[in-house]
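See structure below.
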Amino acid sequence: MSAERAADLARLIDLIEQFPQQTILVVADFVADEFVSGDISRVSREAPVLILRRREMHTSPGGGANAANNLADLGARVRPVAALGDDAAGDALVEYFRRKKIDTSGIVRKSGWTTPAKTRFLAGWAHTVQQQVLRVDREPERLPEGTSGALVHKARERIAEASATLVSDYGYGSATSKIVAGIRGRGRWKKPVTLDSRYRLHEYRHLDLTAATPNEAEMEAAHATEIAGDASKLEGLARRTMARLNLSALVVTRGRHGMTVFERRRAPQSLAVFGSDQAVDVTGAGDTVIAAFTLALAAGGTVLEAAEIANYAGGIVVMKRGTATVTREELAAAVRSDATENHTERGDGLAK
């Protein structure tokens, strides 16, 4: 490893060590990820379907709640702002974050509204790996009137203490462009603001956000065109998106091809996937990426440094099953391990 690269990795370690000093405002669509596990007992006589003998069920934070959960496990102080229904799924998410000592006072509970939930049924034989056989989604209607204003008020109360703001839009109404505009008001953002929007990337124009982290499929959908691995086409679409949204940077995740970092007046930077390119489970990987990226920016990292840290985090989380997180210790260990594996010069201190 060159001395320059050793210094780069040392810098990433320094940034990761500063994560506990950061406070991140998360404006997001919270989703309850429910996992129902069972053993295959037999085939039904009523229809050609498997009968599962239910063993257990657990609920994990999904969607923007997963981004908040990743931020917490990376060491940040998290200030979530989101709407939840006054239902069992909403109760489960609030209780989960309370157990982790995360402030839930920014969560708005709405009676009669359904908390977005994705229930995955996992099945297998005894002593085999469980596989997903069915997913059932519960999707709410439009947020009740007045909820958007309440979310804006909650966010504006908390933004002064935040080192950065993360916007996670899954299309359920808690993180719309209108809400983000209300949070900003007539001024300009004083700290970094990052965006992960599943369906409405280009609706966030004129908001002067810092960066967005779409995946390649989301870029294709936003521009109604196919990229098919064409780097020049990807760059063209990325530059158009940056111009439309007035972004300083765009980080496009590309699955087993890693990610590509676009910045103003700079050539694109491609980052190879960290670890194996054979992912175990990509559920929620984008939430991990934007959490690590945002936190690294908040800690003072450059866009490229933040993307490198996010690339490590993404490579770790896709090797875990279910909606998972990455801890600060795991992330730092991955950077040190990468340094050790490529190490040819002793004395840079990273391998200790």
Side-chain angles (χ1 to χ4, degrees), residues 26-38 49 52 54 57-70 80-97 104 106-123 132-152 154-155 166-180 182 195-204 212-215 217-222 224 281-288 290-291 322-324:
V26 180
V27 181
D29 287 313
F30 275 22
V31 178
D33 275 356
E34 299 172 344
F35 296 88
V36 180
S37 299
V49 296
L52 305 184
R54 175 169 163 161
M57 172 181 169
H58 73 273
T59 301
S60 298
N66 185 37
N69 200 28
N70 271 273
V81 171
L84 290 176
D86 189 15
D87 52 15
D91 291 344
L93 289 178
V94 170
E95 179 59 26
Y96 181 95
F97 284 120
T104 60
I107 294 176
V108 177
R109 304 295 299 272
K110 302 304 295 185
S111 179
W113 193 69
T114 300
T115 299
K118 301 175 182 179
T119 306
R120 297 169 174 89
F121 292 85
L122 310 176
Q132 185 177 158
V133 296
L134 178 66
R135 193 179 101 180
V136 178
D137 290 1
R138 299 194 298 279
E139 298 187 340
E141 300 295 329
R142 182 187 297 270
L143 274 173
E145 188 174 348
T147 308
S148 294
L151 293 171
V152 169
K154 295 276 190 182
L166 187 160
V167 179
S168 179
D169 170 29
Y170 273 77
Y172 297 117
S174 289
T176 64
S177 58
K178 182 179 179 180
I179 287 174
V180 175
L195 169 68
D196 181 12
S197 179
R198 179 65 62 89
Y199 308 109
R200 304 180 292 203
L201 180 62
H202 287 166
E203 291 187 13
Y204 293 80
T213 61
N215 60 38
E218 289 164 353
M219 287 292 289
E220 290 177 327
D281 192 338
V282 298
T283 303
D287 305 319
T288 300
I290 194 171
T323 309

Taking C-beta and beyond as the side chain, do [X] and [Y] meet within less than 4.5 Å on heavy atoms?
{"X": "Tyr204", "Y": "Asp169", "answer": "yes"}
{"X": "Pro61", "Y": "Leu93", "answer": "yes"}
{"X": "Thr119", "Y": "Val36", "answer": "yes"}

Excluding sequence neighbours, so at least two apart, what forms salt bridge (charged side-chain N to carboxylate O under 4.0 Å, His left out) with Asp29? none

Partner set under salt bridge (charged side-chain N to carboxylate O under 4.0 Å, His left out) for Asp196, not counting sequence neighbours: none

Nearest heavy-atom neighbours spanning [X] and [Y]:
{"X": "Gly173", "Y": "Leu143", "answer": "O-CD1, 3.1 Å"}
{"X": "Ala67", "Y": "Leu166", "answer": "CB-CD2, 4.3 Å"}
{"X": "Ala123", "Y": "Val133", "answer": "CB-CG1, 4.0 Å"}
{"X": "Val94", "Y": "Leu84", "answer": "CG2-CD1, 3.7 Å"}
{"X": "Ser168", "Y": "Ala175", "answer": "O-CB, 3.5 Å"}
{"X": "Ala83", "Y": "Leu151", "answer": "N-CD2, 3.9 Å"}

Set of residues satisfying side-chain contact (heavy atoms from CB on, under 4.5 Å) with respect to [X], sequence neighbours excluded:
{"X": "Ala212", "value": "Leu195, Leu201, Pro214, Leu247, Leu250"}
{"X": "Thr59", "value": "Ala32, Glu34, Met57, Ala92"}
{"X": "His202", "value": "Arg205, Ala222, His223, Thr241, Arg244, Leu245"}

Between Arg138 (side chain only) and Pro116 (backbone N and O only), is there a donor and an acceptor less than 3.5 Å apart? no

Is a donor on one side and an acceptor on the other found under 3.5 Å between the side chain of Asp137 and the backbone of Glu139? no

Measuring from [X]:[atom1] to [Y]:[atom2], what's the distance to the nearest 0.5 Å?
{"X": "Thr104", "Y": "Ile107", "atom1": "OG1", "atom2": "CD1", "value": "5.5 Å"}
{"X": "Glu218", "Y": "Thr213", "atom1": "CD", "atom2": "OG1", "value": "8.0 Å"}
{"X": "Ser37", "Y": "Gln132", "atom1": "OG", "atom2": "CD", "value": "11.0 Å"}
{"X": "Lys154", "Y": "Ser174", "atom1": "NZ", "atom2": "OG", "value": "13.0 Å"}

List the residues meeting side-chain hydrogen bond (donor to acceptor under 3.5 Å, both in side chains) with [X], not counting sequence neighbours, and say none if there are none.
{"X": "Thr283", "answer": "Asp281"}
{"X": "Asn66", "answer": "Asn70, Asp287"}
{"X": "Arg142", "answer": "none"}
{"X": "Asp86", "answer": "none"}

List in chain and number order the residues that pass ring-ring contact (aromatic ring centres under 6.0 Å, His included) with Phe121, two or more places apart in sequence or in another chain; answer none if no residue qualifies. none

Quick one: ring-ring contact (aromatic ring centres under 6.0 Å, His included) partners of Tyr170, sequence neighbours excluded? none

Salt bridge (Lys or Arg N to Asp or Glu O under 4.0 Å) pairs, two or more places apart, involving residues 57-69: none

I would like to know whether Thr147 and Trp113 meet side chain to side chain contact (heavy atoms under 4.5 Å, CB included); could you show each step before the answer? CA-CA 11 Å; Thr147 308; Trp113 193 69; over 6 Å; no

Could you walk me through whether Thr176 and Arg200 pass the side chain to side chain contact (heavy atoms under 4.5 Å, CB included) test, one step at a time? CA-CA 9 Å; Thr176 64; Arg200 304 180 292 203; 3.7 Å; yes

Phe97 ring center near Phe30 ring center (under 6.0 Å): yes

Thinking salt bridges, do Asp33 and Arg135 make one under a 4.0 Å N-O criterion? no

